[in-house]
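Heads up, the thing below is written out as structure tokens.
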Amino acid sequence: MAELIHPQEHNTGLARPDLTTFLSLGFRPLYIAGVVWALFSIAIWIFAPQLIPAPMWGVAWHAHEMLWGFIVTIALGFLLTASATWTGFNPLKGGPLGLICILWLIARIAYLTGGNTAFTVGVISESAFFLISALSLLRVVIKGKSRRNYGLPLLVLGLGVANVLYLLAAKNGDYVLLIEHFNQGLIAMAVVALLIARRVIPFFSMRMVPELKLPMLVGSGKYQLGFGVAAIVFSLAGLTWAMALSLAITGLISLWQLAHWKPFSVLHKPMLWILYLGYAMIGIGLVCAAAHMAGIGASSPLGRSATHVHIIGMGGFCILIIGMLTRTALGHLGRPLALDASMLLSYYLMIAAVALRLAALWPSGATLMLLHTSAACWIVCMGLYLWRFVPMLIRPRPDAVLKAKAAK
């Protein structure tokens, strides 16, 4: 059975909100920012799309804000926090961390303001957000001689470059280039997500299930990373078949790895199986992306680009994210690594949102209802996370509070 605790157990030892604590590690402000924006941007896209102004036309804005505004933001929040553990040096805190949060916010406001001037401000602000984050990560991995993480700042920088190219294509109304640059950003994010998840899934699993012994699969991880990066290079070179083959191999490696992590051994731990499920969906989505690019199943919903985008983006990234948002926040906040009922409900709501959104890809009279229900599940899921975690994210850890009291 799942280990559940009462919400009050997570609220014990709450001190007053503290700005210094809030800006002490990247996950605190960026988790909140990303989740708030995930909630509001879906509400706008589904229920009030008329609020989206030119030059960021409807679906271009939605795709951009989901990938770069939400998913990449959460990933950066994790990387800016985890790199402090990996290297012993905090890449961003205090004023500099507050600065990138302001740059991120300016971009969100600018794209909804409309007009060329606001759009330019948004592009510059968001580019600075990615550049500062990438350089900060590069500084600490070099300073900490964390050689296995040298590629992460480059991947973050690549996400920033893909973002600029996507935005310029959106401004020019170039749909073909828009799709190409979105796919490049999507694959780059998949490489980052697989790299992070391949490290944390076996580690978290063996910590929570002590008798479980799992391989770290470093060797297959190198091939996975190599083929993922190759897919991006082939995309830039316009080599569609080579890109499709690389994506298929990357996805199949992911599913092979998952099988070696004994998934049936963690079914009693929601905090683990949610990560397994997200990892599986990325692998499946990459195989579907390869099939789409190879022209397989072009006449069916599986042949639509929206299918693999939502399998990877929602089924993969977002299911992983809701699991990581809870597990890593609880760990870094010094809280018990156990879910309360609202956290578990947020997992099921995210899964429901994904299932309903994928079902809506099959044309039927129920499509609009499925979209609206999916959006409602998504919004409640994000709202539950904010309700439970914002009070903890803006305050010091309970052990820090007790230590400060003991020192007086």
Side-chain angles (χ1 to χ4, degrees), residues 1-14 17 22 25-40 42 70-71 73-75 77-78 81-82 193 196-197 200-201 203-205 207-209 263 265-281 314-356 374-399:
M1 294 293 290
E3 181 183 359
L4 294 179
I5 66 171
H6 196 273
Q8 275 71 18
E9 293 184 54
H10 278 302
N11 285 332
T12 57
L14 286 182
F22 179 62
L25 281 169
F27 82 101
R28 288 178 179 268
L30 289 177
Y31 278 14
I32 293 175
V35 174
V36 167
W37 191 236
L39 190 160
F40 281 102
I42 284 296
F70 166 50
I71 294 166
T73 299
I74 298 297
F78 172 82
T81 303
I196 293 171
V200 303
I201 287 176
F203 176 73
F204 288 169
S205 298
R207 288 284 298 272
M208 294 191 73
V209 186
S265 300
V266 301
L267 294 180
H268 62 300
K269 294 286 187 181
M271 204 176 286
L272 296 177
W273 62 245
I274 193 76
L275 301 180
Y276 277 67
L277 178 58
Y279 201 85
M281 293 295 283
M314 281 190 75
F317 299 155
C318 296
I319 285 178
L320 268 178
I321 279 174
I322 194 62
M324 292 292 283
L325 282 172
T326 49
R327 170 58 176 80
T328 60
L330 289 174
H332 285 292
L333 293 170
R335 304 284 175 167
L337 293 180
L339 303 174
D340 65 31
S342 71
M343 296 174 196
L344 184 59
L345 178 58
S346 71
Y347 288 5
Y348 290 125
L349 285 167
M350 176 58 76
I351 293 169
V354 172
L356 291 165
S374 173
C377 289
W378 174 280
I379 289 167
V380 176
C381 170
M382 296 302 168
L384 277 175
Y385 181 82
L386 294 171
W387 173 67
R388 293 300 298 119
F389 280 89
V390 168
M392 294 185 274
L393 289 166
I394 62 176
R395 290 175 166 87
R397 293 166 53 115
D399 53 358

* Asked: What distance separates Cys381 SG from Leu345 CG, expressed to the nearest 0.5 Å?
  -> 8.0 Å

* Structure fact -> Shortest non-hydrogen pair, Leu344 vs Pro270, comes out as CD1-CB, 3.6 Å

* Would you please say whether a donor-acceptor pair under 3.5 Å links the side chains of Thr328 and Tyr31? => yes

* To do: Please name the pair of heavy atoms, one in Met281 and one in Gly316, separated by the smallest distance, quoted to 0.1 Å.
  => CB-N, 3.6 Å

* Without swapping roles, check the side chain of Ser342 against the backbone of Leu384 for a donor-acceptor pair under 3.5 Å. => no

* Asked: Do you know which two heavy atoms are closest between Tyr347 and Thr326, and how far apart they sit?
  -> OH-OG1, 2.6 Å

* Atom CG in Leu320, atom OH in Tyr276: separation rounded to 0.5 Å? -> 12.5 Å

* To do: Decide yes or no on side chain to side chain contact (heavy atoms under 4.5 Å, CB included) for Met271 and Val266, but give the supporting numbers first.
  => CA-CA 9 Å; Met271 204 176 286; Val266 301; over 6 Å; no

* To do: With rounding to the nearest 0.5 Å, note down the distance linking CZ in Phe389 to CZ in Arg335.
  => 9.5 Å

* Asked: Roughly how far, to the nearest 0.5 Å, is CG of Leu356 from CE of Met314?
  -> 8.5 Å

* Would you say the side-chain atoms of Arg388 pair up with the backbone N or O of Met343, donor to acceptor, closer than 3.5 Å? -> no

* Does any non-hydrogen side-chain atom of Tyr385 lie less than 4.5 Å from one of Ser346? -> no

* What heavy-atom pair brings Leu337 and Met208 nearest, and what distance separates the two atoms? -> O-CE, 3.9 Å

* To do: Report yes if the distance between the aromatic ring centroids of Trp378 and Phe40 is under 6.0 Å, otherwise no.
  => no

* To do: Report yes if some heavy atom in the side chain of Met350 is under 4.5 Å from a heavy atom in the side chain of Cys318; otherwise report no.
  => yes

* To do: Would you indicate whether the side-chain heavy atoms of Phe70 and Val36 approach each other to under 4.5 Å?
  => no

* Side chain proximity check, Leu330 to Pro336, heavy atoms < 4.5 angstrom -> no

* Close side-chain approach of Phe22 and Pro17, heavy atoms under 4.5 Å -> no

* Does a side-chain heavy-atom distance below 4.5 Å link Thr81 with Leu30? -> no

* To do: Give the intermediate values and the outcome of side chain to side chain contact (heavy atoms under 4.5 Å, CB included) for residues Ile394 and Ile32.
  => CA-CA 10 Å; Ile394 62 176; Ile32 293 175; 4.1 Å; yes

* When rounded to the nearest 0.5 angstrom, what is the spacing between CH2 in Trp273 and CG in Leu267? -> 9.0 Å

* Asked: What's the spacing between Leu277 CG and Ile322 CD1 if we round to 0.5 Å?
  -> 13.0 Å

* To do: Give a yes or no on whether the backbone of Phe203 and the side-chain of Arg207 come within a donor-acceptor separation of less than 3.5 Å.
  => no

* **Exam field: side chain Arg28 to backbone Leu393, donor-acceptor pair closer than 3.5 Å** => yes

* Are Phe27 and Leu333 side-chain neighbours, meaning at least one heavy-atom pair lies under 4.5 Å? -> yes

* Asked: Looking only at heavy atoms, which two atoms of Leu275 and Ile201 are closest? And how far apart?
  -> O-CD1, 3.7 Å

* **Contact summary for Gly323 and Ile274, nearest pair of heavy atoms** => CA-CG2, 3.6 Å

